[in-house]
Amino acid sequence: MAAVTRCSVSLVRRLLSHHYKRRCVRVFKATGDQPPPAGLSNLYNERLFHTTSAWSGPIMQFKLSDIGEGIMEVVVKEWYVKEGDKVSQFDSICEVQSDKASVTITSRYDGVIRRLHYAADDTALVGKPLVDIETDTGPEVAQEEDVVETPAMSREEHTHQEIKGHKTQATPAVRRLALENNIKLSEVVGTGKDGRILKEDILNFLAKQTGAILPPSPFHETCESQRPKEVQPASLPASLPASLPASLPARPQPVLSSQDVTEPLKGFHRAMMKTMTAALKIPHFGLCDEVDLSRLAALRSDLRGISEARGVKLSYMPFFIKAASLGLLHFPVLNASLDEASQNITYKAAHNIGLAMDTSQGLLVPNVKNVQLLSVFEIARELNRLQVLGSSGQLGTSDLTGGTFTLSNIGSIGGTYAKPVILPPEVAIGALGKIQILPRFDSNGELVKAHILNVSWSADHRVIDGATMCRFSNLWRQYLENPASMVLDMK
């Protein structure tokens, strides 16, 4: 029996070896080379039972889907994968930037990246292949549209964690952040649409667990916080004279170049060019004023500890925004829009107040939705969320669109008065200067220190007259100079 078995095994090996050598000869002949030497044939025979052939799945062309807002092209900002990398469903593939927002493209398939159709900074077209993925499944896999992950958007992307019969909604980036900090998503309350867990929900959860305070908001702080941090004497070079001031302003690094550089306008810079070109058609009317924030400074000082205990940084901006919303209730024409033909004016029901934000990507104007329905604390929490997303370049399209009125916080950088430019189709905008402690006379004629804010308004003179803009500014100033009066009109 053993002899028969050995004979059978020997016969099988001989037949397989002969078949394998015939295949090798055909391959070499097809390429115009000589058949493998006898020594190699013996090597093939020895390794015959140790080699396996890998099965290759179908290669799917991963096309860039329509990300809305009529966008037809985007700039590839960064690739998160390279050729040969393995990816799973919902893994981030790349980040792209349109004229309106930055979005993250995530995979629909499990497989291996075989080709990247674009390099970083290339312009990708909607509907064209973005990346080729060799899938792990059979050829019957149907073509599916790629997933666009837009932070704070309504596009649903679910985790695989079941909670009380339904799935937790969170993007891959949020899931990774939770995993890195050993946080169970089931313990986090989502504040996004339909209970979606956002990045700031994770940060707020961490702050409550550790007692930490969220990163400071870039919006208005007191004039003391706007001053440059003092440089310790030990850090000053010995060559500096003793008469130099102790505080040195932050200065940008100089850029030296031996030749001119020409590059196309892309992303947000291109969007700003289009918006400002459209703004040239608007006849601007300007108005400037100053506001005494001394009472508001005292009120904010009392409320900061309470707000921070809840995990929210409280700046002046929530008060400015709420006061503007209360003023818009009395002057709805400032919360309106004019159509392109200048034939119809639409009075907006929602007060979506935008904040001009200076980011590494350039000027962005996200907006706080439905301010008329929010408390000052809720506005502060939303500003914290926008600040986190803005600093990381993850503001979504919904954050950057739909604005009805805008405040520009130029004072966080410097300056007192400005000439803000209206963002079409809006009809009004305000620019806020830095807060300064200046001498002023009180109602008794006594010289006192006052927290003074300078504000500059611009309005579309086609629909807003000077008297209306002035009355709105007076009401906004009254709310801020006597913040207790805001309580009477809050809903």
Side-chain angles (χ1 to χ4, degrees), residues 61-109 111 113-133 145-157 170-180 192 196-200 202-203 263-272 357-366 385-401:
Q61 281 201 330
F62 194 104
K63 295 182 179 179
L64 179 63
S65 64
D66 184 6
I67 59 179
E69 301 292 329
I71 296 171
M72 300 306 297
E73 62 182 29
V74 296
V75 176
V76 179
K77 292 179 58 180
E78 181 181 1
W79 284 104
Y80 300 135
V81 297
K82 61 182 181 297
E83 294 180 0
D85 285 354
K86 290 185 177 181
V87 294
S88 301
Q89 292 186 42
F90 304 114
D91 281 355
S92 297
I93 291 181
C94 66
E95 182 178 356
V96 300
Q97 179 178 296
S98 69
D99 290 352
K100 300 182 183 297
S102 292
V103 296
T104 301
I105 306 297
T106 59
S107 176
R108 177 71 73 177
Y109 310 109
I113 301 296
R114 290 306 180 197
R115 180 186 176 190
L116 305 180
H117 287 264
Y118 301 96
D121 294 328
D122 282 355
T123 299
L125 302 178
V126 171
K128 299 297 182 181
L130 185 66
V131 61
D132 291 350
I133 301 179
E145 203 172 342
D146 50 302
V147 178
V148 179
E149 173 200 325
T150 306
M153 291 289 285
S154 60
R155 179 71 65 95
E156 295 184 356
E157 291 178 16
T171 64
V174 172
R175 294 202 300 273
R176 281 196 298 271
L177 180 61
L179 182 63
E180 291 169 358
R196 182 189 183 115
I197 297 177
L198 307 176
K199 182 177 181 180
E200 62 272 14
I202 302 295
L203 296 177
E263 60 182 19
L265 288 174
K266 296 181 179 180
F268 294 123
H269 291 113
R270 183 176 178 180
M272 185 169 65
M357 183 184 296
D358 178 44
T359 71
S360 58
Q361 299 172 310
L363 176 65
L364 302 180
V365 189
R385 184 185 74 85
L386 295 175
Q387 179 240 334
V388 170
L389 295 178
S391 61
S392 60
Q394 295 296 317
L395 285 168
T397 305
S398 64
D399 295 321
L400 296 168
T401 57

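Just so it is clear, the values below take in all heavy atoms, side chains as well, and ignore hydrogens, waters and symmetry mates. Note that this is a predicted model, so its numbers are computed, not measured.
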Are the side chains of Glu73 and Leu125 in touch, meaning some heavy atoms are under 4.5 Å apart? yes
I need the minimum non-hydrogen distance between Ala119 and Val76, along with the two atoms involved. O-CB, 3.9 Å
Give the minimum heavy-atom separation between Cys94 and Leu130, together with the two atoms involved. SG-CD2, 3.8 Å
If you measure from the Lys or Arg side-chain nitrogens to the Asp or Glu carboxylate oxygens, is any gap between Asp91 and Lys86 under 4.0 Å? no
Pairwise distance CZ(Phe62) to CD1(Ile105) - rounded to 0.5 angstrom: 7.0 Å
Minimum heavy-atom separation for Pro366 and Leu400, please, with both atom names. N-CD2, 3.7 Å
With a 4.5 Å heavy-atom cut-off, do Ile113 and Ile133 have their side chains touching? yes
Rounded to the nearest 0.5 Å, what separates atom NZ in Lys63 from atom NZ in Lys128? 8.0 Å
Lys77 NZ to Asp122 CG distance, which is reported to the nearest 0.5 Å: 15.0 Å
Under the criterion side-chain contact (heavy atoms from CB on, under 4.5 Å), which of Val131, Val81, Thr106 is the partner of Val87? Val81
Heavy-atom closest pair (Ser88 atom, Ser107 atom, distance to 0.1 Å) is O-CB, 3.7 Å
Are side-chain heavy atoms of His117 and Asp132 found at a separation under 4.5 Å? yes
For Asp85, give me all partners under side-chain hydrogen bond (donor to acceptor under 3.5 Å, both in side chains), at least two apart in sequence or on another chain. Lys82
Work out which heavy atom in Tyr118 is nearest to a heavy atom in Pro129; give both atom names and the distance. CE1-O, 3.3 Å
